[in-house]
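These numbers come from a predicted model, not from an experiment. Note on naming: letters A, B, ... go to the chains in the order of the sequence lines (proteins, then strands), and numbering restarts at 1 for each one.
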Amino acid sequence: MNYWLLKTEPTSYSIEDLQKEKKTTWTGVRNYQARNFLRDMKKGDKVFVYHSSCEIPGLFGVGEVVTDALPDPTAFDKKDSHFEPKSTKENPIWFAPTISFGKKFSEPLTLFQIKADAELKNMMVAQQGSRLSVMPVEKEHFQKIMKTLG
DNA sequence: GCCAACGTTGGC
DNA sequence: GCCAACGTTGGC
């Protein structure tokens, strides 16, 4: 099993939205490195939900991969802002897994706290200039965080 | 809103 | 394939 972190701007999609919807297809990622991580996600993998570009950036909850990544339908939708004419159904470029809600943390683990924690500060999300919206999380980090917040 | 740190694009 | 120009991300 693998562990991941998914960034989202809470003004567009938050952990509360996932809680209400129970599950969602994680569409709209348009970065090749992130795309490759999305394709590597397998059913049963765990994912942290990270809120970015907001008052308190940090980890707000956890979910689970329920469907391996399939071609991202928003890439085929001319009316969608993520429409990508180069991606065809025969030869899709962009992919999206489906994520289920696990739990919302009673308190978020803030980026500030992650950077201040000797064991967590080397997480990819805490590195300078880390702009990837999808990234792997090490098992040790996942377990330590879940021990504290889970 | 600023701006550093990236990623992408496109001319050559 | 280089690299300057440009666009975007995201913490602060």
Partners passing side chain to side chain donor-acceptor pair (under 3.5 Å) against A:D17 (at least two apart in sequence or in another chain): A:S14
Neighbours of DNA chain C within residues 105-115 of chain A, by heavy-atom distance under 4.0 Å: A:L111, A:K115
From A:F101 atom CZ to A:Q19 atom CD, the distance as rounded to the nearest 0.5 Å: 3.5 Å
Under the ring pair (Phe, Tyr, Trp, His ring centres under 6.0 Å) test, residues paired with A:F112 that sit two or more places apart: none
Along DNA chain C, first and last positions that approach a heavy atom of chain A under 4.0 Å: C:dG7 to C:dC12
Residues from residues 121-128 of chain A lying under 4.0 Å of DNA chain C - heavy atoms: none
Ion pair check, A:D72 and A:R35, cut-off under 4.0 Å: no
Nearest non-hydrogen partners of A:V125 and A:L111, listed with the distance: O-CD1, 3.9 Å
Residues that A:W94 engages under ring pair (Phe, Tyr, Trp, His ring centres under 6.0 Å), provided they are two or more places apart: A:Y32
Output a table of donor-acceptor pairs, distance under 3.5 Å, between side-chain atoms of residues 136-145 of chain A and any protein atom two or more places apart or on a different chain; print 'none' if there are none.
| residue | atom | partner | partner atom | Å |
| --- | --- | --- | --- | --- |
| A:H141 | NE2 | A:E119 | O | 3.0 |
| A:H141 | NE2 | A:N122 | OD1 | 3.2 |
| A:K144 | NZ | A:D117 | OD2 | 3.4 |

Qualifying residues under salt bridge (Lys or Arg N to Asp or Glu O under 4.0 Å), relative to A:E16, sequence neighbours excluded: A:K104
Nucleotide pairing, DNA chain C (Watson-Crick or G-U, distances under 3.5 Å), in dot-bracket with [ ] and |: ||||||||||||
Nearest atoms (heavy-atom pairs only) where A:P73 meets A:T27: CD-CG2, 4.1 Å
Sequence neighbours excluded and cut-off under 3.5 Å, please list the side-chain donor-acceptor pairs for residues 44-55 of chain A, or say none.
| residue | atom | partner | partner atom | Å |
| --- | --- | --- | --- | --- |
| A:D45 | OD1 | A:N2 | N | 3.0 |
| A:D45 | OD2 | A:W4 | NE1 | 2.9 |
| A:D45 | OD2 | A:K42 | N | 3.0 |
| A:K46 | NZ | A:E64 | OE1 | 3.0 |
| A:H51 | NE2 | A:I15 | N | 3.1 |

Residues in side chain to side chain contact (heavy atoms under 4.5 Å, CB included) contact with A:P71, at least two apart in sequence or another chain: A:F76, A:P92, A:F95
Shared-cluster residues of A:V66, by chain and number - hydrophobic side chains joined below 4.5 Å: none
